[in-house]
Amino acid sequence: MNRKSLKLTELLIPFSIFLALYSLTLCGVSTVAHDSIYYLNQIDSKSYFHFPYHPLFHSHHLLYNLSARLWLLFCRGVNINFAADLIIAWFNAIWGALALSVFYLILRTRLQAKPLAALLGTACCAFSFAFWFYSVSVEVYAPPLFWSLLLLYVLSADRFRSKDYYLIGLLHGLSIVYHQVNVLFGLVIISALLLDSRPLNLRSLLKYFACLIPTVAIPYLLVIFKMNQFAAWEDAWYWLTRFSHYPGFWQPLAFSTLLKAQTGFGRALIEGYFILGVPYLKTLMNKKYIDGFLWDEAFLVRNLSPATAWTLLLLALIFFLTLFIGIRYYSGNLRKVKENHSRLAVLTGVWLAVYSLFFFFWVPNNIEFWISQSVCCWLLFLILIFSGERGKTPPILFILPLLLLVINYGGNIRFIQNDNNDLYYSKISALSKELQTGDLVVVGPKLTAIPEQSWTSEALKAYLFRYTQADAIDLVELFRAAQPEHHKHNFSHLIKSIDNALKNGRRVFIYAEVMTTDRRTASYLTVHPFLLQQLRQIYQDRARKIDVGGETLYLLEPV
C-alpha cells in the first residue's frame, strides 16, 4: 500500500540535514579509500594514466570521472576555490544526500512512516560507515546508488502502468553508466515484471529495453570509438571487461567466503579502524595483514587512546546486540509485511540476494561492494518495524542511529578529515620541498612489520604526481606487472631513464628499498635480486645517502 502523497518540499528536510552533515565531514585523506588518489589525479589532470585509455572514462564507471570534472570546472568557474579533492568529495555528498532523500521518500510513501520515524530510519542508513564515507570521499559509489534507489521507488508503486517501463529503462541505464555492476539490477526489474504479470509482459519489456539500450550503448560506443579509439574489437572488449580478467579478484567458494562476506558487510555498518587503537588487537591484525592494506588505517588512528578504542568497541557490540534484538522482536510482523508491503519487500530482497551472491565471489571482504546490501538490509529492517508500528516512533529508531553516529564519527570519520592523518602525504611532504620540476624519483614498495613505516609504491607514485612537479618510476609497475622475460628489458628502461634525467641536468632520488638487495622486496616485485644488486653497483659510487623527513634516499646529481 502506498497511497500517501508527499510534497516535494518535505524532501528538502532530509536532503538539507544530511548534506550539511556530509559537507562538514568531507574526507581529506585520500589513501583510506584506496582508489581515491587515482580518481583525483584522473579527474583533475588530463595527462594522468592517459595511456592506453582516456583518463576521464573508466569502463566500470563510465561517466563518473567526467561528471566530477564538469562539477570541478563549474565550481572553479563560480570562484569556489577549495582544494580539488574537497570539491569532488562535495559532489559525492550531494549525491549521497539525494540518495537519502529517496530512501526517506520510500519510507514515507511506501511504508506510510511518520516524518520523525522516517527521518530516524533514514539516519540509520546515513550514519552507516560505508554510506557516510563514500558520500564524503573521492569515490564512485554515491551517484549509482541514487539511481538504484530511485529505480526501487518507481518499481515499488502499487499501481503500475506499462509506459512506466520507459522511465525504468532510462533510470537503469543511468545506474549502469555510473557503475557497470548495476547490470545486475536488471534481475530486480524482471522480478517486478513477473509480479505484474505472468508470463512476462513482452510489450513492457520492449519499452524497458527501448530506453535502456541507447542510454547505455551510446555513451560506451562514443568512448570506444571517439575517445579510446581501439584498433580492434578484442581491445575494446578487454577494456570493457578488464577487471574480470584479473584472477585475484575472483574468490572460489569456500568456508572462508562467508567469513569474508560477513567482514565486508559488517564494515559497511561499522568500520573498525578504531580497533587498531587497542594494542593487542593491533598486533594481532598486523601479523595477519603484514603485506595487506592496514598501513594507512593504522597511521590514521595512531593517536587514538586505548581507552577510547575499547569504549568504541564496546559500543559497537551494543549496537549489533541491539540490532539483533530488534530483528527478533519485530520478526512477528512478517505476516503484516506480506499483507501490506510484499512488493517492496520482495524487490528489496531480490536486490540484496543478487548483489550479495555476486560479491560472494568478487572480493567479498571489500567494504565498498556491500554498500547497496547495507541499504537493502536497513530497508528490510524498517519494513518489519513500520508494518506493525502505527503512530508513535519505536524507541529502537532513536538508539541505533545514535550509536552509529557516535561510533563511526568518533572512531573513523573524524580522523579522515585531517590530511595530517594521510600516511602517503606524510611520506612525500618533506620530499616535495626538496624536489624541483623534472627531477626523477624511483620508488619501490616498503614492507615492514610496522604499518606506519610501510607503503605501496603505486600509491606513493600517485602522491608524487599529485603534489610535486617531479617524474616518478614505480618498480611494481615496471616489474611486477610485467612478464619475467621482459624484466631485463624493463631494467634497461629504468637505467636509461635515470641516465637521461642526469644528462638533462635533473636530479634523481632513489628510495633505499630500491638500492638494496632485500630479498623480500625483490620477491614482492617478482624480480630477481640480482637486478636490484646490479642497480646498486651501477650507481653506488655516485649516489649520496640522504635523510628526508626520516626516510633514507639515495641522491644522484648531474655532473
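Computed from a predicted structure; not experimentally measured. The figures here come from the full heavy-atom set of this structure, side chains too, leaving out hydrogens, waters and symmetry mates.
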Hey, are the side chains of [X] and [Y] touching, using non-hydrogen atoms and a 4.5 Å cut-off?
{"X": "Leu460", "Y": "Lys427", "value": "yes"}
{"X": "Leu222", "Y": "Met227", "value": "no"}
{"X": "Leu300", "Y": "Asp296", "value": "no"}
{"X": "Thr468", "Y": "Ser432", "value": "yes"}
{"X": "Leu475", "Y": "Ser457", "value": "no"}
{"X": "Ile538", "Y": "Leu535", "value": "no"}

With a 3.5 Å distance limit and no angle check, can you tell me whether [X] reaches the backbone of [Y] through a side-chain donor-acceptor pair?
{"X": "Tyr238", "Y": "Trp233", "answer": "no"}
{"X": "Asn65", "Y": "Pro55", "answer": "yes"}
{"X": "Ser36", "Y": "Val32", "answer": "no"}
{"X": "Tyr64", "Y": "Pro144", "answer": "no"}

Hydrogens and angles aside, do [X] and [Y] bring a side-chain donor and acceptor to less than 3.5 Å of each other?
{"X": "Ser30", "Y": "Tyr38", "value": "no"}
{"X": "Asn421", "Y": "Arg302", "value": "yes"}
{"X": "Ser135", "Y": "Trp95", "value": "no"}
{"X": "Thr31", "Y": "Asp422", "value": "yes"}
{"X": "Ser67", "Y": "Tyr178", "value": "yes"}
{"X": "Ser305", "Y": "Thr308", "value": "yes"}
{"X": "Trp370", "Y": "Ser356", "value": "no"}
{"X": "Tyr511", "Y": "Glu551", "value": "no"}

### Query
Hey, do the aromatic rings of His61 and Tyr39 have their centres closer than 6.0 Å?
yes
List in chain and number order the residues that pass side chain to side chain donor-acceptor pair (under 3.5 Å) with [X], two or more places apart in sequence or in another chain; answer none if no residue qualifies.
{"X": "Asp35", "result": "none"}
{"X": "Gln373", "result": "none"}
{"X": "Ser497", "result": "none"}
{"X": "Asn500", "result": "none"}

Please output the side-chain donor-acceptor pairs of residues 403-416 that fall under 3.5 Å, not counting sequence neighbours, one pair per line with the distance.
residue: Asn408; atom: OD1; partner: Asn412; partner atom: ND2; Å: 3.3
residue: Asn408; atom: ND2; partner: Phe127; partner atom: O; Å: 2.8
residue: Asn408; atom: ND2; partner: Leu269; partner atom: O; Å: 3.0
residue: Asn412; atom: OD1; partner: Tyr273; partner atom: N; Å: 3.4
residue: Asn412; atom: ND2; partner: Glu271; partner atom: O; Å: 3.1
residue: Arg414; atom: NE; partner: Gly410; partner atom: O; Å: 2.6
residue: Arg414; atom: NH2; partner: Gly410; partner atom: O; Å: 3.3

Minimal non-hydrogen separation, [X] against [Y], with atom names:
{"X": "Phe360", "Y": "Ala261", "result": "CE2-CB, 3.4 Å"}
{"X": "Val29", "Y": "Cys27", "result": "O-SG, 3.0 Å"}
{"X": "Ala512", "Y": "Tyr554", "result": "CA-CE1, 4.0 Å"}
{"X": "Ser137", "Y": "Asn92", "result": "O-ND2, 2.6 Å"}
{"X": "Phe82", "Y": "Leu86", "result": "CB-CB, 4.5 Å"}
{"X": "Arg506", "Y": "Pro558", "result": "O-CD, 3.6 Å"}

Distance, nearest 0.5 Å, that separates [atom1] of [X] from [atom2] of [Y]:
{"X": "Trp237", "Y": "Ile224", "atom1": "CH2", "atom2": "CD1", "value": "9.5 Å"}
{"X": "Leu26", "Y": "Ile88", "atom1": "CG", "atom2": "CD1", "value": "11.5 Å"}
{"X": "Gln469", "Y": "Leu464", "atom1": "CD", "atom2": "CG", "value": "11.5 Å"}
{"X": "Lys496", "Y": "Phe491", "atom1": "NZ", "atom2": "CZ", "value": "13.0 Å"}
{"X": "Leu258", "Y": "Thr263", "atom1": "CG", "atom2": "OG1", "value": "9.5 Å"}
{"X": "Asn490", "Y": "Glu477", "atom1": "CG", "atom2": "CD", "value": "10.0 Å"}

### Message
Applying salt bridge (charged side-chain N to carboxylate O under 4.0 Å, His left out), can you list everything that pairs with Asp439, at least two apart in sequence or on another chain?
### Response
Arg507
### Task
Please identify each residue that fulfils salt bridge (charged side-chain N to carboxylate O under 4.0 Å, His left out) with Glu557, with sequence neighbours left out.
Arg544
All ring-ring contact (aromatic ring centres under 6.0 Å, His included) counterparts of [X], not counting sequence neighbours:
{"X": "Tyr467", "answer": "Tyr425, Tyr463"}
{"X": "Phe57", "answer": "His54"}
{"X": "His60", "answer": "His58, Phe243"}
{"X": "Phe18", "answer": "none"}

### Task
Test Trp239 against Phe225 for ring-ring contact (aromatic ring centres under 6.0 Å, His included), laying out the working first.
CA-CA 12 Å; Trp239 171 79; Phe225 289 109; over 10 Å; no
### Query
Between Ile473 and Leu440, does a side-chain contact (heavy atoms from CB on, under 4.5 Å) hold up when you go through it step by step?
CA-CA 8 Å; Ile473 294 179; Leu440 178 65; 3.9 Å; yes
### Query
Tell me, which pairs form a side chain to side chain donor-acceptor pair (under 3.5 Å) where one or both residues lie in residues 71-82, sequence neighbours left out?
none
### Message
Under the criterion side-chain contact (heavy atoms from CB on, under 4.5 Å), I'd like the reasoning laid out for Phe129 against Ser374: C-alpha separation, chi angles, the key distance, then a yes or no.
### Response
CA-CA 10 Å; Phe129 178 79; Ser374 69; over 6 Å; no
### Message
Tell me if the CZ atom of Phe358 is crowded by more than 12 foreign heavy atoms within 6.0 Å.
### Response
yes
### Task
Run the numbers on Leu21 and Trp132 for side-chain contact (heavy atoms from CB on, under 4.5 Å), then give the verdict.
CA-CA 9 Å; Leu21 171 71; Trp132 190 345; 4.1 Å; yes
### Query
When you look at Glu297 and Phe274, which way does the side-chain contact (heavy atoms from CB on, under 4.5 Å) test go after all the steps?
CA-CA 9 Å; Glu297 287 90 342; Phe274 57 84; over 6 Å; no
### Query
Would you call Arg466 and Asp85 a salt bridge, taking side-chain N to carboxylate O under 4.0 Å as the test?
no
